[in-house]
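The chains referred to below are lettered A, B, ... by the order of the sequence lines, with proteins before strands, and numbering in each begins at 1. Here the structure is a predicted model, which means the values were calculated and not measured.
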Amino acid sequence: MKLAIVTPRYGAQVIGGAETAARMLAERLACRPGWEVEVLTSCALDHLTWENVEGEGTSSLNGVTVRRFATSNPRVLEYFELDGRIRVAPAAASLATSRRWVALNGPMCPGLVDAVAGTDADVVAFYPYLFATTVDGLTVCPAPTVLHPAAHDEPALYLRAFRQSFSGTDGLVYHTRAERRLVEGVFPVGAQPQIVLGLGVDEPTSPRRDGAEVLGLSGRPYLCYLGRVDEHKGCGMLAEFFARYKERRPSDLALALVGPLSGPPPDHPDIVATGTVAEPDKWDVLRGATAMVSPSAYESFSLVVLEAWTVGVPVVVNGTCAATMEHCRRSGGGLWFDTYASFEAVVDRLVSDGRLARTLAEAGARYTDTYYRWPALIGRYAGFIEQIASRGPKARLRPPRLASIEGGIAYVREQ
Amino acid sequence: MTSTPTNGETTRSASAADQPADQPADAAAYLAGVMVEIDAEVARRRASGELPPALERELDELFLEFSPLGARGSARLRETLALVDGAAYVDTAVPVASQKAAGAYVKRGIQKATGWYMNYVVHQVTRFSWSVSRMLHVLVDHVEDLEQAVDGLRPPDVDLSVVPVAAPSGTWWASLVVEALTGIRGRVVHGDCGDGSLVEALVAAGVDAYGLDPHDDAAEAVAIRGLDARGGRLLDHLEAVPEEALAAVVASGSVQWLSPSERDRFVVLAASRLAVGGILCLHSASPIGWERSCPPVVADLAPGRPLHPETWEHLGARHGLRLRAVHQGGAAERIVVGEGVPSSDALDALISVVNDRLLAPGEYLLVAERVQ
């Protein structure tokens, strides 16, 4: 079985939920006897610029063949103008406008799309729905296709340009039940073969140091956030909530923001922003936390929630995020907040009640062990891919490939 | 229950956290209990004035800025309205502070020089935005009144915990469904698939079948066996299927107790989602058999009651579904006159009528085809 995975960025240094998920699946499938996995991706590593960093050509990474293709344009400022305009009523944007948005969002990778058109893979998987590589690749792919949408409730999901991507694919793989419900509420994809798969959790590295020591907090208790430190991930809101919390509840509790920084870190004596840390340090920080907070409303899976449970740490999630709420409700392993008042009450409770924290973490760990361990997940995914291959590609409408990015720029300027 | 003294330290008396959960199902219930306590604590803090409203408003607006619209259900109207109210006032007092010494004087000068003009324009903008805001308040009040009225009329859903997970294998009608659908080309959905045994049998017969079940965990167990099965109600699922995308719909279980309006919706959706030539297989208890076969709590709480097959035929005919067959089946009970009791033709005839009318097989499988 030969599987090709199309993703806009790929590599160990790429931090991104969907891209990391694609790499995890690719590497584990490549280990299965009789399976060959090839990744088609761009030379870019930064989704904000799409600047070509890696060289074009074929390489190998952990048993996976990686074929890189240059992006034809870096991201341009016009994208942000158009994005701001359609964000208010995305469903009302015309097909042409939404296709221009996709082209401007990029990455525009003509070589990659040509490679998809000439693929000899049995199945081609696209990951995630949001990018031009997926929209164009699905249009030209001659083999059966599987789309991993990694969708959350964001304005772009409602753009008409994606309708063909969803209805034209031969199979869908969701991260959570909530993602499936969301997508089915937007696109008529109910009859398509599909599974809710999720991602597996790796075994944590052995403890090396105390988490507070890694953070330079010398024995202080702390909440931690793991992932890209970004306004859109709710980090600014979390920092503000935490600062107010500390004004109202003076204590030695700290907040650690662990992950690459998208902007200047919050300026507060009790908030530590580490930037990117080594994997063993990440696990040590997580292991020592009073709780792991996931403030983002826009997650399609959130692996860090499961990782926290794996090392016995309870989680606090954003009550408007369907994916993390699903994890908490199904497992009984985490609390949530949807106002400052509930944030304060939840943190009060977790800080003061060690037994509650332990009980939550244990429930989360049971849930993770039951549903999100790699061997079982990979077996299910492989079975699904084999089914899709055996069904063959369905007849698809073939919309034209996206117009070049220059067309999009001209359009925005015209407006 | 939790209580928080004025120093903000939380103390607990007997609470959900005193009964830690060992099993996954208990864990969910335990968590629900903890969240109820947290909500109660939030309400107590608000009532006691411990949470300044201005602080809450400021931080909650920040929270909403990073939340998807509509993610908070019915509360979203009021919250979004609060955002409108907050933005309705246009402030003409432009900040004049500056890092340069002369900057503040220049800014203040510009502010004073343009003040008469800005105030005139802003006054009209503000009047307009406040009028819009007032109108939205009236609309939201109306919508909430309507929601309340509709909620009062709507029959409550049957709690899934009282509905047993179906196990169609070995039932009298499962083999008839397989027989009716063998050789059909295209996707076939089975609503209320339960343990997935009928889906499995259909797949084994070469049918491209998938299942749905309102019990999410039951559906997940089927999916883990490698079948295409998802959690959800057939009725909602059909909304997410394009027109003419299905070769067959197999409806069982909860289709029997849909409310009248949902039943109408089901017929319309099933007919439109079937391709021409597609098959609808509908298994139901008969109105008489319902009392015998349905779990008592479901029977009592169900928003609707089973229909006669003739009624389904009538409803389907309006939407291009033509009856192919009605198969009767299910457990039958018979009154039998015991040995030694003197036989009487008249009595036997009466017993036979009772047997046929009341104790005959209480289920049917209706098979219909979309013809137009």
Side-chain angles (χ1 to χ4, degrees), chain A residues 152-154 167 177 180-181 184-185 187-191 193-196 231-232 234 236-237 240-241 244 248-249 295-298 318-322 328-336 338-342 344-346 348-349 352-353 355-356 359-360 363 366-367 370 376 380 383 391, chain B residues 2 4 8-12 16-18 20-22 24 26-32 34-35 37-39 41-42 45-46 51 55-56 58-60 62-63 65-72 187 189 208 210 216 220 223-224 226 228 230-232 236-243 245-246 273:
Chain A
H152 42 72
D153 195 0
E154 59 189 341
S167 55
R177 296 170 182 173
R180 181 169 70 77
R181 277 194 294 272
E184 285 194 352
F187 303 107
V189 293
Q194 54 190 261
I195 51 171
V196 177
E231 279 286 312
H232 294 291
M237 180 261 291
E240 186 62 28
F241 274 29
R244 297 301 180 96
R248 290 168 51 79
R249 299 275 191 276
S296 171
Y298 301 108
N318 184 318
T320 64
C321 177
C328 288
R329 284 188 196 277
R330 285 183 67 197
S331 67
L335 306 178
W336 55 88
D338 54 8
T339 57
Y340 171 74
S342 54
E344 187 181 278
V346 161
D348 278 349
R349 189 74 189 264
S352 65
D353 190 346
R355 190 173 174 212
L356 167 66
T359 307
L360 293 174
R366 273 197 302 271
Y367 169 77
T370 306
R380 280 188 64 206
R391 297 167 68 93
Chain B
T2 59
T4 304
E9 193 180 320
T10 305
T11 59
R12 292 185 302 105
D18 292 329
D22 293 326
D26 295 341
Y30 169 75
L31 175 68
V34 172
M35 287 310 297
E37 289 172 6
I38 284 169
D39 288 344
E41 177 60 16
V42 168
R45 289 180 189 183
R46 283 189 181 132
L51 276 166
L55 171 83
E56 274 210 83
E58 178 197 341
L59 294 177
D60 290 350
L62 179 65
F63 182 88
E65 206 177 311
F66 296 99
S67 301
L69 257 184
R72 293 171 67 179
R187 298 229 85 190
V189 61
D208 184 8
Y210 67 101
D216 280 336
E220 181 141 339
I224 286 172
D228 185 349
R230 312 104 184 242
D236 301 330
H237 174 75
L238 291 175
E239 298 271 15
V241 170
E243 293 200 352
L246 295 170
R273 271 45 177 174

Distance in Å, [X] [atom1] paired with [Y] [atom2], rounded so as to fall on 0.5 Å steps:
X: A:Asn318; Y: B:Phe63; atom1: CG; atom2: CZ; value: 3.5 Å
X: A:Arg349; Y: B:Ile38; atom1: CZ; atom2: CD1; value: 5.5 Å
X: A:Ile195; Y: B:Tyr210; atom1: CD1; atom2: OH; value: 16.0 Å
X: A:Glu344; Y: B:Leu55; atom1: CD; atom2: CG; value: 8.0 Å
X: B:Glu220; Y: A:Arg330; atom1: CD; atom2: CZ; value: 4.5 Å
X: A:Glu184; Y: B:His237; atom1: CD; atom2: NE2; value: 6.5 Å

[X] portion near chain A, given a 4.5 angstrom heavy-atom threshold:
X: B:Val189; answer: neither
X: B:Ile224; answer: both
X: B:Glu243; answer: neither
X: B:Arg273; answer: neither
X: B:Leu59; answer: both

Checklist entry - What are the two closest heavy atoms between A:Ala345 and B:Val42, and how far apart are they? => result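 For A:Ala345 and B:Val42, the tightest heavy-atom pair comes out as CB-CG2, 3.9 Å.
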Checklist entry - Looking only at heavy atoms, what is the nearest atom pair of A:Ala191 and B:Leu246, with distance? => result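 Minimum heavy-atom separation between A:Ala191 and B:Leu246: CB-CD2, 4.0 Å.
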Item to check | Heavy-atom pairs under 4.5 Å with chain B, option from A:Arg180, A:His152, A:His232 with the top count | outcome: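 Of the candidates given, the most pairs with chain B belong to A:Arg180.
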Structural part of [X] lying under 4.5 Å from a heavy atom of chain B:
X: A:Val189; value: backbone
X: A:Arg380; value: side chain
X: A:Phe187; value: backbone
X: A:Glu231; value: both

Contact between [X] and [Y] at the side-chain level, heavy atoms closer than 4.5 Å - yes or no?
X: B:Asp208; Y: A:Arg391; answer: yes
X: B:Asp60; Y: A:Asp338; answer: no
X: B:Leu62; Y: A:Tyr340; answer: no
X: A:Pro193; Y: B:Arg187; answer: yes

Item to check | Interface residue of largest heavy-atom contact number with chain A, from B:Asp39, B:Asp216, B:Asp236, B:Leu238, under 4.5 Å | outcome: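 With the most close heavy-atom pairs to chain A, the winner is B:Asp216.
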Item to check | Selection from B:Glu56, B:Glu239, B:Arg230, B:Glu58 maximising heavy-atom pairs under 4.5 Å formed with chain A | outcome: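 Looking at each option in turn, the highest pair count goes to B:Arg230.
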Checklist entry - Under the 3.5 angstrom rule, does the side chain of A:Arg181 hit a backbone N or O of B:Gly232 as a donor-acceptor pair? => result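 Side chain of A:Arg181 to backbone of B:Gly232, a donor-acceptor pair under 3.5 Å: no, none is there.
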